[in-house]
Amino acid sequence: MQPLRIIIILPFFVSFSFLSQKKFAQLDHELPTANEYRTASGAPGHAYYQQKADYKMAITIDDATQKLYGKETITYTNNSPDQLDYLWLQLDQNIYSQNSETKLIEIEKMEDFRSIGDIQKRMFYYDGGFKIEEIKSLSGSKMNYSINKTMMRIDLDKPLAPKSSISFQITWWYNINDRMAVGGRSGYEFFKKDDNYLYTIAQHFPRMCVYNDVTGWQNKQFLGRGEFTLPFGDYEVSITVPADHVVAATGECQNYASLLTAEQRKRLEIAKKSDSPILIINQQEAELAEKSKKTDKKTWVFKATNVRDFAFATSRKFIWDAQNVNVGGKNILCMSYYPKEGNPLWEKYSTKLVAHTIKTYSKYTTDYSYPVAISVHSKSIGMEYPMICFNGGRPEEDGTYSESEKYGMWGVIIHEVGHNFFPMIINSDERQWTWMDEGLNTFVQYLTEQEWERGYPSRRGPAHLIADYMRSDKKTISPIMTNSESLFQFGNNAYGKPATALNILRETIMGRELFDFAFKTYCERWKFKHPSPADFFRTMEDASAVDLDWFWRGWFYGTDAVDIAIDEVKWYQLNTQNPTIEKSVKKSENDSKDIHIGVGRNKLSISQTINEKDKSIDDFYAKRDVYSVDTLDKLEYSDFLKKIEKKDLELLNANKQFYEITFTNIGGLVMPLIVEFTYLDDSKEVFRIPAEIWRMYEDKVSKVFILNQEVKSIRLDPFLETADTDLNNNSWPQETVPSRYQLFKQQQTQKENPMQRGKRVEELNKN
Ligand SMILES: [Zn+2]
């Protein structure tokens, strides 16, 4: 490629016509108007309020029939300025009742029923759902109530005035679901080999709905996907189970003295001071308990303050270990409960992962302020509750496991323990917005994974990992700002894309320092409160002075993908006006011109032209050497040198290289331009152009780069940070990148896991 030699004469002005500015318009129409409850800066307003729901509860698990019996006293405090005529409660178990709409609204085709298992699952019926026995006031009078599927309205004799409380009692029972047959976030797993049950129990009691300034009563039906929206409160829960069961629950156990042996209590005290896991019940002891099958009962009592929910796990199969982690000067007891089927993975990793997660999240969000953090092994699922979560990651029966099983277990524990922060502490409305807990959580999960192992193969977070999703058919992509139930591609949309977007803000748009401060500000402002999307969007801008409306618009309200192409590259050098230099440049340009085929052939076929034979016909032009420097050229140049200022002359002679690059926005999503130049000597230089370059022309822009050296090649997004969906148009000269589809196809599935193969190798080496 030859550069164009440009002569700079006069300053000139170019007038632009504005095409469209939709992508950079402020979000005024999309965000709710700020008010005294929520400010325009994204912080809680001076009149911010939230309701409180305190629970005193007695739960009994009947291990013989797998039934749960419960009785609760709810004290509900109305901190709103409004009088309430009735209360709404959530009956999540009713998703398994006969009139549940969850299965009815599933879109189905015959091809969904490929196996006996698919059909059995579809036809499976069990008598699930809450059986409400009685609702009465504390004085004993019955209260009227009405159940609408997963929601229950309790009518009040007289309205609940602002700043007042009401207490009432509910008695109920239900058949616990077989989680392996019915599915679900809670239920039981039956272990046939030793005839034991492992219960992971949640959504097991009628729970208050949230009433606030954003939704009024959040009583949108529970259909299965959109999770839970719950007020904070204090819990006192007694759980009665077979005497040989071990119970793990939200909160602190109040009566270990009457439940644990002296030896177990001693081990627990050691664990409280240990920075690595200490077994309180070891595998041998748990295996003994598996056989004991006691029928007498014991009651475990737990208390939890300022939590939005309560969950527990109980089994006689539990191995139990614990260690301390210190966050902000506060000791937190990290614990794991798992059956022997979880080993060796669980004993080795679970509690260490809990401690690491609590510490890392506290750094990026807000200090963990609950006294315990628990991980319970529960096959195939990952589900979160305050202080406790249920996690999969089960080795083969021979104790080996694939690497993906190990990373799956690590990832799910970090993720579910991370949910303590989103939404348990930073208590967003899960029924409405999945991304506010899953997306934010998946983002910090990524940061935590990277601090657990260098190069951890995180599934979600790095920009390029979302590219496949972003390039998929637009009909199958929803904006992130879509209700939980209506999202296409749930995992990609509610977990992957928001996590990626935050990562891009941190690494590319805002930089780590500004991002981390703003993100922490959001977490500190909204801990133990109910944030909405606008509170997040506004706080991120308020704390950083970065206008991100275009980013929220593109990434959260839109479905466009990033695909920016290098369209055209033009190369220029400055004309030095020095005839000695410029004439020789012209000569070499002329010498290197391509020659028409006829010219070469004529050299052979025409032995002599007329003017070669007859020099008398030559005139001035025929004799002139246009590339020689004559006296007048020299005089003119010395004249020029007298007029030009020294610094201008230096610039003319600096041999600067001008590259005008035209970029096309094919995908639609505007993003910064990260342009890497490779010079002739293979050294590299990177330029970062903010996304605002697209503010007037959203489809095509050009930029001039003034460089000190000639360029060999140019690359766009060389560090894979913008989620560009087509890398083929990112380079000049164009390079073809193998498509991700081809890369994927090269992978093969293995039947034997590498650990099993390793064992075979060991055996062979022994013989
Ligand atoms: Zn999650």
Side-chain angles (χ1 to χ4, degrees), residues 92 179 183-187 200 202-203 222-230 250 307-309 311 313 350 353-354 356-358 360-361 364-365 368 370 373-393 407-450 452 456 458-461 465-466 469 478 480 482-485 487-503 519 523 526 531 533 536:
D92 315 272
R179 205 172 47 74
R185 291 173 174 81
S186 66
T200 43
Q203 290 94 244
F222 178 45
L223 296 172
R225 274 236 223 128
E227 290 184 307
F228 313 109
T229 308
L230 300 154
T250 300
V307 288
R308 53 163 256 171
D309 201 0
S350 177
L353 284 158
V354 175
H356 169 67
T357 303
I358 292 294
T360 313
Y361 271 68
Y364 289 110
T365 64
Y368 187 76
Y370 292 131
I374 298 166
S375 163
V376 177
H377 179 36
S378 183
K379 194 183 181 182
S380 311
I381 59 167
M383 188 54 206
E384 69 277 10
Y385 300 95
M387 304 185 222
I388 189 170
C389 50
F390 309 148
N391 303 313
Y407 279 116
M409 180 245 191
W410 287 3
V412 77
I413 292 178
I414 293 173
H415 181 94
E416 306 308 340
V417 174
H419 270 306
N420 273 299
F421 297 83
F422 313 97
M424 302 307 157
I425 293 173
I426 297 142
N427 188 357
S428 57
D429 180 350
E430 292 184 278
R431 183 64 44 90
Q432 182 61 36
W433 306 114
T434 302
W435 70 268
M436 282 200 80
D437 69 302
E438 296 301 354
L440 269 54
N441 182 38
T442 303
F443 164 67
V444 189
Q445 177 193 347
Y446 165 73
L447 300 179
T448 306
E449 286 172 350
Q450 296 305 311
W452 172 262
Y456 188 114
S458 298
R459 275 171 67 209
R460 292 171 173 142
L465 297 182
I466 201 72
Y469 166 65
S478 339
I480 292 174
T482 302
N483 173 262
S484 308
E485 294 296 338
L487 291 173
F488 285 114
Q489 302 200 49
F490 196 66
N492 282 323
N493 189 299
Y495 295 61
K497 192 177 166 188
T500 308
L502 296 192
N503 226 337
F519 191 68
C523 298
W526 290 98
F536 176 71

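Please read all numbers here as calculations on a predicted model, not as lab measurements. For the single chain, residues carry numbers from 1 onward in sequence order. When a ligand or atom number is given, it counts from 1 through the structure's own listing order.
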Mutual orientation of the aromatic rings belonging to W452 and H356 [parallel < 30°, tilted 30-60°, perpendicular > 60°]: tilted
Parallel, tilted or perpendicular, as decided by the 30° and 60° cut-offs, for the rings of F222 and F228: tilted
Cationic N near anionic O, under 4.0 Å, E438 to R460: no
Residue R185 excluded, over 12 heavy atoms near CZ under 6.0 Å: yes
Ring centroid separation F390 to Y385 under 6.0 Å: yes
Parallel, tilted or perpendicular, as decided by the 30° and 60° cut-offs, for the rings of Y368 and F421: tilted
Under 2.8 Å from the Zn ion (ligand 1), the protein N, O or S atoms, given as residue and atom: H415 NE2, H419 NE2, E438 OE1, E438 OE2
